[in-house]
Amino acid sequence: MTISFKGYTRIGFAAAIGLATSASMPAHAQEKSPIKIGLMLPYKGVYAPLAVNIDQGFQIALEEYGNKASGRPIEIIRADDELTPSVGVQKFNKFVQSDQVDLVAGVVGSNVGIAISELADKNKMPMVFVNAFADEITGKFCSPYIARTSFSANGFEYASGKYWASKGVKTAVTMGPDYSAGRAFIGGFKRGFEDNGGKVIEEIWTPFQKTKDYSAALTQAGNSGAQIIYAFYAGAEAIQVVKQHADFGLRSKIPLIGDHWVYDEALWPALGDLALNAQHVATHYPGIPTEANQKFVKAYNAKYKQDPDVSAELGYDNGKAIMLTLEKLGGQMPEDRTKFISTMRDLTFDAPRGKIKFNAQNSALLEKVYVIEIVKGPDGKMQRKSLDQFPGAGDLPGCTKSF
Amino acid sequence: MQLFLIQLLNGVQLSMLVFLLAVGLTLIFGLMNILNLAHGAFFTMGAYFGLVVANKTGSFWLALLIGPLLPFVAGFLLQFFVLQPLAQRGRSTHLDLALLTFGLLFATAGAVEYIYGSAFHSIAMPDFLKGRVALLGIEYPLYRLFIIAVGIAVAVALVLVIDRTLVGATLRAGVDNREMVTALGININVLFALVFGFGSALAGFAGVISAPVMSIYSNMGIGIVVTTFVVVVVGGLGNLKGSFYASLIVGMTDTFTQAFLPEAELFAIYALLIAVMIFRPHGLFGAVGRVA
């Protein structure tokens with residue numbers, strides 16, 4: 001009897017599978033089963049650059065613990081929500097049903113966050129948001145299964161609006177993408193700005209993810225007669241807005257002020273000199289002289305050969321909060337999973353951005369907001385100069401449940 | 001008044017970009033009856049190839065010249081070796097080809113993302129186009145005026161070629177009566193592939209020329225396809241002049257709703273599309289009845 005080539009490969013396959021299983025079997029028996037974390041981020045689309053850095057920061061946090069919580073290995077299962085609520089819902093269901101994860105982390109877009117918050121509540125699945133800043137997420141849609149390790153839009157932008165009003169800015173025109181997070185961020189700024197004597201004379205909204213050319217919006221803003229444009233944009237949209245703002249010669253006429261996403265370090269290569277001398281508010285920059293931050297910046301640089309940006313820091317906070325909670329729970333997901341979230345709520349820890357504490361609705365608070373100017377350093381490279389700092393504001397009320 | 005004038009210029013500039021994309025598409029549709037959703041892929045290809053050239057040579061002009069070559073070759077090959085044989089085997093209904101080219105659009109975006117990642121790139125504009133011009137009391141970016149000029153130049157050149165040359169006559173004949181053209185001894189397969197390649201090259205050209213004001217990224221071609229199709233339908237399938245006017249209508253609609261009625265921006269051009277489909281199904285400028 002001759003064995004065909006096909007036969008040989010088949011035998012080879014069977015042998016390989018046999019070897020693999022026999023080799024892994026004993027190891028499996030000794031090691032504890034892993035804790036599965038579903039990490040959902042928009043790896044595609046306008047926020048893709050943010051997703052990559054969040055993922056990297058998340059990994060730094062896990063590596064601090066050797067990827068183990070109380071001896072149990074951590075397994076990350078990734079999913080791409082494509083910044084689209086329907087896709088996010090689908091991926092969340094996959095996490096719950098087929099991957100059977102212990103908890104879900106990540107989520108950048110508030111649109112996806114809002115779609116998922118109800119699902120998390122229904123499925124009793126702990127959901128630890130990394131960004132998803134819209135106030136409703138820990139307000140109207142609050143749940144004992146939901147926590148957010150970053151901060152709320154109001155916490156960040158109310159404080160920012162108050163700051164600029166205190167610096168003699170009387171009038172502003174706002175620009176933002178027309179979706180939940182854009183509305184939340186600009187809304188926060190407007191409240192803080194107007195409560196402190198400023199006046200928003202015009203609000204300009206651009207369709208989210210659809211706008212490529214901001215000339216129409218920028219022309220409106222340039223003609224509004226306001227002292228500043230206050231903008232909330234991130235990723236590709238931010239590049240477009242900053243560039244076109246300069247193209248129309250508005251830099252000398254009406255400065256574009258925003259937050260750390262508009263002038264994100266990840267965008268510096270694309271922005272070139274346009275980022276120079278720009279002022280913005282930030283929740284983190286690599287030069288913060290605290291021990292927690294220096295340690296993080298060093299670890300991040302060692303692994304990725306670059307400084308962490310704001311997104312990387314938020315990813316780190318997300319991972320760190322999860323690891324601290326798991327350690328506290330002895331590496332076990334409690335039977336009643338609300339306990340996981342309530343354990344997280346009781347944490348206080350030194351994050352690179354400052355001390356992190358949670359409020360009663362499981363949303364982390366901002367200890368400090370920094371005012372940054374981007375300047376040219378002695379080595380000719382761009383770097384940040386801290387101009388000022390002030391505490392973040394509280395969250396908006398809206399949560400009617402108690403837990 | 002000033003504001004209106006600037007928005008008018010913004011509208012024309014957007015229209016010209018859309019025209020560069022739509023004109024190739026309308027030629028392809030008119031001549032070959034192919035619903036080519038891959039047009040956005042050629043837009044992306046041209047932009048990235050232009051980026052590679054610009055990074056190597058540091059020259060915007062070389063990027064603008066060489067960038068469209070890749071989509072030209074890719075378009076030619078696609079038509080000659082894939083779409084044409086499919087048509088000969090009878091697999092060329094609109095749905096078949098729409099699915100095939102739709103897949104190609106996403107495959108290209110995925111491939112680009114695999115190679116270049118999801119970062120955003122830009123091609124620097126030449127120094128002398130960097131400034132602004134004072135026009136009737138307003139300042140307008142020179143580069144945007146350059147886009148307008150190029151768009152008009154391409155439109156005029158195309159009209160001249162199609163109306164006044166033998167190639168143009170053959171193309172017009174091909175749109176009207178394909179069998180007759182073949183019977184006259186013209187190799188219609190090569191002609192079709194050339195036109196397909198040329199249309200793709202124009203899309204690539206639009207990709208490079210828009211790079212300094214917009215960004216280059218992997219998904220750039222996906223969103224633009226819809227707008228381009230609206231132009232093709234409004235202008236009338238296969239109608240060159242129609243697509244020019246339709247580009248202006250769509251560009252203006254988009255710019256002016258964004259400026260003065262932002263709530264309506266997302267659906268304004270679709271409302272326009274629906275209205276045209278109801279009242280003038282062959283397009284505003286479509287002369288001969290030809291049902292898509």
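Everything numeric here is computed off the predicted structure, so don't read it as measured data.
- Looking at Tyr140(B), only its side chain comes within 4.5 Å of chain A, counting heavy atoms on both sides.
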Show your working on salt bridge (charged side-chain N to carboxylate O under 4.0 Å, His left out) between Arg384(A) and Asp307(A) and close with a plain yes or no.
-> CA-CA 12 Å; Arg384(A) 300 179 184 82; Asp307(A) 275 346; 5.8 Å; no

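- More than 12 non-hydrogen atoms from other residues, nucleotides or ligands lie less than 6.0 angstrom from OH of Tyr179(A).
- Annotation for Lys303(A): atom NZ counts as buried by contact number, over 12 foreign heavy atoms lying within 6.0 Å.
- Contact count against chain A (heavy-atom pairs under 4.5 Å) is highest for Pro141(B) among Gly11(B), Ser210(B), Pro141(B), Pro212(B).
- Only the side chain of Met125(B) comes within contact range of chain A, judged by heavy atoms closer than 4.5 Å.
- Scanning residues 217-227 of chain A against chain B with a 4.5 Å non-hydrogen threshold yields Ala217(A), Thr219(A), Gln220(A), Asn223(A), sorted by number.
- The most heavy-atom pairs under 4.5 Å with chain B, out of Gly272(A), Ala51(A), Gly235(A), Ala216(A), come from Ala216(A).
- Not one N or O on the side chain of Ser122(B) forms a donor-acceptor pair closer than 3.5 Å with the backbone of Ser215(B).
- Contact count versus chain A (heavy atoms, under 4.5 Å) is highest, among Gln13(B), Met220(B), Met214(B), for Met214(B).
- Relative orientation of the Phe133(A) and Phe185(A) rings is perpendicular, given thresholds of 30° and 60° on the angle between their planes.
- Put simply, the side chain of Thr101(B) never gets that close to the backbone of Asn36(B): no donor and acceptor are under 3.5 Å apart.
- With a 4.5 Å cut-off on side-chain heavy atoms, Ile209(B) and Phe146(B) count as touching.
- Residues Phe106(B) and Phe102(B) place their aromatic rings such that the two centres sit under 6.0 Å apart.
- Between the CG atom in Leu14(B) and the CD atom in Gln7(B) there is a gap of 11.5 Å [rounded to 0.5 Å].
- Note: Phe208(A) and Tyr233(A) fail the aromatic proximity criterion, with ring centroids not under 6.0 Å apart.
- Heavy atoms closer than 4.5 Å to chain A are found in the side chain of Phe260(B), but not in its backbone.
- The residue among Gly249(A), Ala48(A), Ser215(A) with the most heavy atom pairs within less than 4.5 Å of chain B is Ser215(A).
- With a threshold of 4.5 angstrom between heavy atoms, Ala238(A) does not approach chain B through any atom at all.
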